[in-house]
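The structure appears below as structure tokens.
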Amino acid sequence: MIAALPGLAAQTLFFGWGNLINVVWCIAIAIGAEAAVLSLRKKPVAFFLKDNTAAVTGLLLGLSLPQFTPWWVSAVAVISAIVLAKQLYGGLGSNPFNPAMVGYAIALISFPVAMTTNWAEANMLWNAPGLMETLRAIASGGQTTVDAWTMATPLDEYKHQIASRTAAEVLIHPTFGEGVARGWEWVNGAFLAGGLLLIALRIITWHIPVALLAGLGLMSLAFGTNADLYAPLSLHLLAGGTMLGAFFIATDPVSAATSHQGKLIYGACIGALIYLIRSWGNYPDAVAFSVLLMNFAVPFIDHYTPPRTYGHHKPRRGVPGKQG
């Protein structure tokens, strides 16, 4: 959670108060939902809440949701994550899917308009809507009050405009600014810095983030070198939720692959899926669906990529009795 603070600070600085409000609201709902289900399950509430995993789920959703997401949409996302994706499977350690991404996907499918039209225009904090104005917009869900401050994400804008324009014409749009994507490159850089801190502190290993970014990069270099047809690699890396997904979401210790080799396969496939869905699917930022699809494959990956057992020269792989 501390490592995510630079990314949250960058989101607040470049896009206003929305993500900060979402984070506080989502964490409160996550803790409340977890406490309620633990109580129903006759589990010691205080003991299980101390692991802070519910707060982490709320944090990740607050960072991922659009800045002006109506409060009830974010509540549905968080409750779905905690109740459906985590507690109904038995709680921490038993969930096969990333809870935060389950909640995000349910919200995106259930409320497509709210989840795609409430992204804030990149403005410095002092030029964005004030704290109270942002709170009113989130509380009321009335888009008319924030229409002047909303804009499509850079990936969404590029994907829909490149069909009828050249790259040079598309990049004139204000959402791209003078860099890769106004504000977004700084947010991704901040999450990258936080992710490197996680690796340095050995909270995560480098395998999944590096493999994810490599998979995304290789797919972009293989299929998307023509910027007049597909978004360039710089946009894929710095204009969406790539760094947040690579370091904070895909590395979930419960739903991700476990061995080093398995993590490399898992991360690379997520990166490839992100590119495929972004380029030819209906959703401009595909981190959630890519992670969930690979969560399905984790048992298969773990079965065929076990680490070497201490004292043995080779790891045991495949079906017992069928090894050469």
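Ser279 contributes a side-chain N or O that, together with a main-chain N or O of Tyr275, makes up a donor-acceptor pair within less than 3.5 Å. Between the Asn118 side chain and the Pro70 main chain, no donor and acceptor come within less than 3.5 Å of each other. In this structure, Asp285 contributes its side chain and Gly240 its backbone to no donor-acceptor pair below 3.5 Å. Side-chain atoms of Lys159 come within 3.5 Å of backbone N or O of Gly281 as a donor-acceptor pair. Between the Ser290 side chain and the Ala286 main chain, a donor and an acceptor come within less than 3.5 Å of each other. Remark: the backbone N or O of Thr175 is not paired with any side-chain donor or acceptor of Arg182 at under 3.5 angstrom. Remark: the backbone N or O of Ala257 is not paired with any side-chain donor or acceptor of Asp302 at under 3.5 angstrom.
The environment of Asn282 atom CG is sparse: at most 12 non-hydrogen atoms of other residues, nucleotides or ligands sit within 6.0 angstrom. Annotation: Tyr89, atom OH; neighbour count of heavy atoms from other residues, nucleotides and ligands within 6.0 Å does not exceed 12. The local environment of CD1 in Ile2 is sparse, with at most 12 non-hydrogen atoms from other residues, nucleotides or ligands closer than 6.0 Å. Atom CH2 of Trp71 has 12 or fewer heavy atoms from other residues, nucleotides or ligands within 6.0 Å.
Using a 4.5 Å heavy-atom threshold, the side chains of Leu63 and Val23 count as touching. Side-chain atoms of Glu169 and Gln161, non-hydrogen and from C-beta on, never get closer than 4.5 Å to each other. The closest side-chain heavy-atom distance from Thr134 to Phe68 is below 4.5 Å. Using a 4.5 Å heavy-atom cutoff, the side chains of Thr150 and Thr117 are not in contact. For the pair Val78 and Thr57, the minimum side-chain heavy-atom distance is 4.5 Å or more. Using a 4.5 Å heavy-atom cutoff, the side chains of Trp186 and Leu238 are not in contact. Side-chain contact between Thr251 and Thr205 is absent, with no heavy-atom pair separated by less than 4.5 Å.
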| task | Report the C-alpha separation of Met151 and His173 in whole Å, then their side-chain angles, then the decisive distance to 0.1 Å, and conclude whether the side chain to side chain contact (heavy atoms under 4.5 Å, CB included) test is met. | result | CA-CA 11 Å; Met151 184 176 289; His173 194 276; 3.7 Å; yes
| task | Test Leu61 against Trp25 for side chain to side chain contact (heavy atoms under 4.5 Å, CB included), laying out the working first. | result | CA-CA 10 Å; Leu61 279 168; Trp25 171 242; over 6 Å; no
| task | Output, in order, the C-alpha distance, side-chain angles, deciding distance and verdict of side chain to side chain contact (heavy atoms under 4.5 Å, CB included) for Ile21 and Leu131. | result | CA-CA 9 Å; Ile21 295 171; Leu131 177 61; 3.8 Å; yes
| field | side chain to side chain contact (heavy atoms under 4.5 Å, CB included) between Ile204 and Phe248, worked out | value | CA-CA 9 Å; Ile204 64 172; Phe248 292 88; over 6 Å; no
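Cluster membership check: Leu65 shares its hydrophobic cluster with Leu13, using side-chain heavy-atom separations under 4.5 Å among Ile, Leu, Val, Met, Phe, Trp and Tyr. Ile265 and Val254 are not part of a single hydrophobic cluster, where members link through side-chain heavy atoms under 4.5 Å apart. Note: the hydrophobic cluster containing Leu40 does not contain Leu49 (ILVMFWY, side chain heavy atoms under 4.5 Å, direct or indirect links). Both Ile31 and Phe47 belong to a common hydrophobic cluster when Ile, Leu, Val, Met, Phe, Trp and Tyr are linked at side-chain heavy-atom distances under 4.5 angstrom. Val56 and Phe97 fall within a single hydrophobic cluster, where Ile, Leu, Val, Met, Phe, Trp and Tyr are joined by side-chain heavy atoms under 4.5 Å apart, directly or via other members.
Side-chain contact check for Thr12 and Trp17: no donor-acceptor pair (N or O, by modelled atom type) lies under 3.5 Å. Checked by atom type, the side-chain pair Thr53/Lys86 shows a donor-acceptor distance below 3.5 Å. Side chains of Thr153 and Asp156: a donor-acceptor N/O pair is absent below 3.5 angstrom, by distance only. With no hydrogens or angles considered, no side-chain donor-acceptor pair links Arg278 and Ser220 at under 3.5 Å. Between the side chains of Asn98 and Tyr104, not a single donor N or O lies within less than 3.5 Å of an accepting N or O.
A distance of 10.5 Å separates CZ of Phe289 from CE of Met101, quoted to the nearest 0.5 Å. Here the CD1 atom belonging to Ile199 is positioned 9.5 Å from the CH2 atom belonging to Trp206, to the nearest 0.5 angstrom. Here OG1 of Thr305 is found 10.0 Å from NE2 of His303. Values are rounded to the nearest 0.5 Å. Interatomic distance, Ile301 CD1 to Asn295 CG, rounded to the nearest 0.5 Å: 9.5 Å. Considering CD of Glu34 and CG of Asp51, their distance stands at 6.5 Å, rounded to 0.5 Å. Atom-to-atom distance recorded for Asn188:CG and Gln11:CD is 9.5 Å, nearest 0.5 angstrom.
Taking all atoms of both residues into account, the shortest heavy-atom contact from Val37 to Gln87 is CG1-CB, 3.4 Å. Considering all non-hydrogen atoms of both residues, Leu125 and Gly16 come closest at CD1-CA, 3.8 Å. Minimum heavy-atom separation, Leu244 to Ser64: CD2-OG, 3.7 Å. The two residues Gly62 and Asn19 come nearest to each other via the heavy atoms O-ND2, 3.1 Å. What you find for Ile138 and Gln67 is that their closest heavy atoms are CD1-O, 3.6 Å. Counting all heavy atoms, side chain and backbone alike, Asp252 lies closest to Pro99 at OD2-CD, 4.4 Å.
Annotation: Tyr230 is not in aromatic contact with Tyr158 [ring centroid separation under 6.0 Å not met]. Taking the ring centroids of Phe247 and Phe191, they lie at or beyond the 6.0 Å cut-off.
A tilted orientation is assigned to the rings of Tyr304 and Phe300, their planes being inclined by 30° to 60°. Taking the six-membered ring for Trp and thresholds of 30 and 60 degrees, Trp184 and Trp119 have ring planes inclined between 30 and 60 degrees apart.
The side-chain contact (heavy atoms from CB on, under 4.5 Å) test with Leu213 is passed by exactly one of Thr242, Ile208, Leu218: Thr242. For the pairing with Leu59, the side-chain contact (heavy atoms from CB on, under 4.5 Å) check across Leu5, Ile27, Asn22, Val24 returns one residue only, Ile27.
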